[in-house]
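Let me begin by presenting the structure, written as C-alpha cells, before commenting on it.
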Amino acid sequence: MKKLKSLSEGEFLKLIFLLLSASFLVGAVCMPDRGTMFRGLVQIVAQPAKIPTNYFAVGGFAATFLNMGLVGLICWGLFVVFHSTPSNVSNLAVILTIGFGSWGINILNVWPTIAGVLLYCALKHEKPGQNVNAMLFSTGIAPLITDLMIRYPHAEVVGFGLGRVVLAIAIGLCIGLFLPAGLAFSPKVHKGFDLYSAALPVGMMAFFLQAALFKTMGVALPAAPDAADLQVTARAAVNIFCCLVFGGAVVLAFAMGAKWSDYVTLLRDPDLVSNFSSTYGNAVFLMNLGFFGLFILGYYNLIGASFNGVTMGIIFCMLSTCNSGSHPGNVWPIMLGYIVMSAVFGVLSNLAGGSFSGAINAQAIVIGLCYANGLSPIADKYGWQYGFLASSMHYILVTSVPLLHGGYCLYNGGFTAALICMILVPQLERFFKTREEKKALKA
C-alpha cells in the first residue's frame, strides 16, 4: 500500500486503466455464455455499430465484456508504448472509450483514426506521446469506419471488401490528421463549460462526412439498429459487476488513507475544479470514481432503465468525467432537469395530441442524460438552478442532433452539450453573475 500511495498521478492513472481493463476481462469469463465469447467478438467486429447498437444482442454478454477489456488494454497500451503520462483528460478519454466498447467501438474500428493522428504527429514533428488523448478521442467516429468497411455504399451488410477497407482507412487517416487542431480549438467555443470537449470537432466531422458520403452522393443512409435488439439485457450482471468495481474503488481509496471528510471537501468546494487527482490527491479521486459510479448506477436503477449493453456503456461514459469536474454534488441538478422536462413534455405532448417518446427511461433519453453530465461546470460556476436550465435545454435538443451526423458520432450528447453552451453561456455571461461574483458582492 505504501508503494501505491507513493505513485505519481500519471503512474496511478495508468494503474487504474489497467485494473479497469482487467476487471472487464474477468467479467467476460464469468458470463454464462463465455464459451462463445470469441465467436461473439468476431460478430461485434463484423457488424454495424451505429448508435445505439447493443453489443449484448450482436455478440453476447461475454463477448461484450471481452471487447471492453481489450479496448481498455489498447488504451493503456498506447500510453505505455508512446511513453505518455496520463492526465485527468486521459482519464476521461480512456474510460469514455472503454464505455463505448459495449455499443459502438471495437478492437478493429479504432485503428484507422489512431493511424491518422500518428500521421499528424509525423507531419508536424510532434511526439506521439503528446497526442495519445487525441488518438482515443478520434475513435468517437468509429461506427462510420465500420460501415465503410462492411457495407458502404449499400444499405445492408455485404462483408469486408478491399475497396471498402481502403476507403475506411483513407477516411480514418483524414479524421485523425485534422482532429488535433479541432481539439485545440473546441474549448474556445464552449469556454470550458462542456466537459466532453472533443465532442464538438468529432461531431462536426461526422456531420460533414455524413453529408459528403451519403446525402450529397445520393447514397441511402443505412437504417438505425433494430429497436428489438435493445431488449437483450443483463440487469443483474451489470449491477453486480458495477457494484464490485465501484465498491472496490471506494474500499481501495479508504485503504490508501482517504477520509470521508476529504470527499466532503471535494463535494462542497466552491471553486470550479477540473482536476481532482492533482488537487485532492489520488485517493480522493479514486473515492469519487467509486461514489460517483454508484450514484450513476443508482439513478439508472431508480428510473427503470433497461440494462442492455448501451446502458452499461453509458454508465462508464458518464463516469469518465470523475476526474475532470463531475461529482454527485454538481450532477444532481442535471438529472433533475431531465426528470422534470420528461414529465412536462409528456403532459404537453398529450395536450397537443402528439406521440410522446421522451419518457425518462426511454433509451434515447437515458443516453442523453449521460452526456448532459458534461454541463456540470455550469452548475458549479453559476449555481444548481443554471445547471438545471442547461440540462432542460439539453433534453429538448439531444434527440434531434443525430439527424445531423446520421448516427455516426458516438459523442452525440457531448456534441449537443457544446451546442447548448453556444446558446446559453453568452446569455449567462451577459445577464447573470457567477457564484464567486455573488459572494464578492455580499462581502
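For clarity, every value in this text was computed on a predicted model and none was experimentally measured. Only this structure's heavy atoms are used, side chains among them; waters, hydrogens and symmetry mates stay out. Starting from 1, each residue takes its place in the sequence as its number.
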Aromatic plane relationship, Tyr395 with Tyr338 - under 30° parallel, 30 to 60° tilted, over 60° perpendicular: perpendicular
Under the side-chain contact (heavy atoms from CB on, under 4.5 Å) test, which residues partner Val158, sequence neighbours left out? His154, Arg164
Just to verify, what does Asn67 make a side chain to side chain donor-acceptor pair (under 3.5 Å) with, not counting sequence neighbours? none
Restricting to pairs with a member in residues 288-305, which pass salt bridge (Lys or Arg N to Asp or Glu O under 4.0 Å), not counting sequence neighbours? none
Aromatic contact between Tyr371 and Tyr196, with the criterion being ring centroids under 6.0 Å apart: yes or no? yes
Checking the side chain of Arg235 only, and the main-chain atoms of Ala305 only, is there a donor and an acceptor separated by less than 3.5 Å? yes
Could you work out, with side chain to side chain donor-acceptor pair (under 3.5 Å) as the rule, every residue matching Ser278, not counting sequence neighbours? Asn275
How far does CG of Asn373 sit from CD1 of Ile296, to the nearest 0.5 angstrom? 6.5 Å
For Thr399 and Ala364 the tightest heavy-atom approach is CG2-CB, 3.9 Å
Tell me every residue that passes side chain to side chain donor-acceptor pair (under 3.5 Å) with Lys191, counting only those two or more places apart in sequence or in another chain. Glu429
Is it true that Asn282 and Ser277 share a donor-acceptor pair across their side chains at a distance under 3.5 Å? no
Drop me the distance from Ser138's OG to Ile175's CD1, to the nearest 0.5 angstrom. 8.0 Å
Are the side chains of Met335 and Ile303 in touch, meaning some heavy atoms are under 4.5 Å apart? no
Could you grab the distance from atom CH2 of Trp332 to atom OG of Ser376, nearest 0.5 Å is fine? 13.5 Å
Point-to-point distance, once rounded to the nearest 0.5 Å, from CZ of Phe207 to CG of Leu403: 10.5 Å
Using the test side-chain contact (heavy atoms from CB on, under 4.5 Å), find all partners of Leu108 that sit at least two apart in sequence or belong to another chain. Val45, Asn106, Met149, Phe160
State the OG-CG distance between Ser90 and Asn323, to the nearest 0.5 angstrom. 9.5 Å
Those residues at least two apart in sequence (or on a different chain) that pass side-chain contact (heavy atoms from CB on, under 4.5 Å) with Thr64 are Ile44, Tyr55, Phe56, Met68, Ser102, Met312
Checking Phe316 against Phe24 for the ring pair (Phe, Tyr, Trp, His ring centres under 6.0 Å) test, could you report, in this order, the C-alpha distance in whole Å, the side-chain angles of both residues, the deciding distance, and whether it holds? CA-CA 12 Å; Phe316 288 90; Phe24 282 102; 5.2 Å; yes
What distance separates Thr113 OG1 from Leu177 CG, expressed to the nearest 0.5 Å? 12.0 Å
Side chains of Leu209 and Tyr408: closer than 4.5 Å at any heavy-atom pair? no
Report yes or no: does Thr311 contribute a side-chain atom to a donor-acceptor pair with the main-chain N or O of Ser306 at less than 3.5 Å? yes
Under the salt bridge (Lys or Arg N to Asp or Glu O under 4.0 Å) test, residues paired with Arg151 that sit two or more places apart: Asp147
Looking only at atom types and distance, does a side-chain atom of Arg34 sit under 3.5 Å from a main-chain N or O of Met31, one as donor and one as acceptor? yes
List in chain and number order the residues that pass ring pair (Phe, Tyr, Trp, His ring centres under 6.0 Å) with Phe12, two or more places apart in sequence or in another chain; answer none if no residue qualifies. none
Is a side-chain N or O of Thr53 found less than 3.5 angstrom from the main chain of Gly104, in a donor-acceptor match? no
Distance-only donor-acceptor hits, side chain of residues 225-233, under 3.5 Å, sequence neighbours excluded:
{"residue": "Asp226", "atom": "OD1", "partner": "Ala228", "partner atom": "N", "Å": "3.0"}

Minimal non-hydrogen separation, Tyr120 against Gly176, with atom names: CB-O, 4.1 Å
Between Phe241 and Phe61, is the gap from one ring center to the other below 6.0 Å? no
Report yes or no: does Thr416 contribute a side-chain atom to a donor-acceptor pair with the main-chain N or O of Asn412 at less than 3.5 Å? yes
Grab the two heavy atoms, one from Cys409 and one from Val202, that are nearest each other, plus how far apart they are. SG-CG1, 4.1 Å
Would you please indicate yes or no on a ring centroid separation below 6.0 angstrom for Phe432 and Tyr382? no
Mind checking what makes side-chain contact (heavy atoms from CB on, under 4.5 Å) contact with Thr97, not counting sequence neighbours? Val71, Cys75, Ile105, Leu136, Thr139
Is Lys50 reaching over with its side chain to a backbone N or O of Gly406, donor-acceptor style, under 3.5 angstrom? yes
With Lys14, which residues qualify under salt bridge (Lys or Arg N to Asp or Glu O under 4.0 Å), at least two apart? Glu11
Where is the tightest heavy-atom contact between Cys242 and Leu297, given as atom of each residue plus distance? CB-CD2, 3.8 Å
Do the ring planes of Phe100 and Trp103 sit parallel (below 30°), tilted (30 to 60°) or perpendicular (above 60°)? tilted
Between Ser274 and Asn88, which heavy-atom pair has the shortest distance, and what is it? O-ND2, 2.6 Å
Looking only at heavy atoms, what is the nearest atom pair of Leu183 and Ala198, with distance? CD2-CB, 3.5 Å
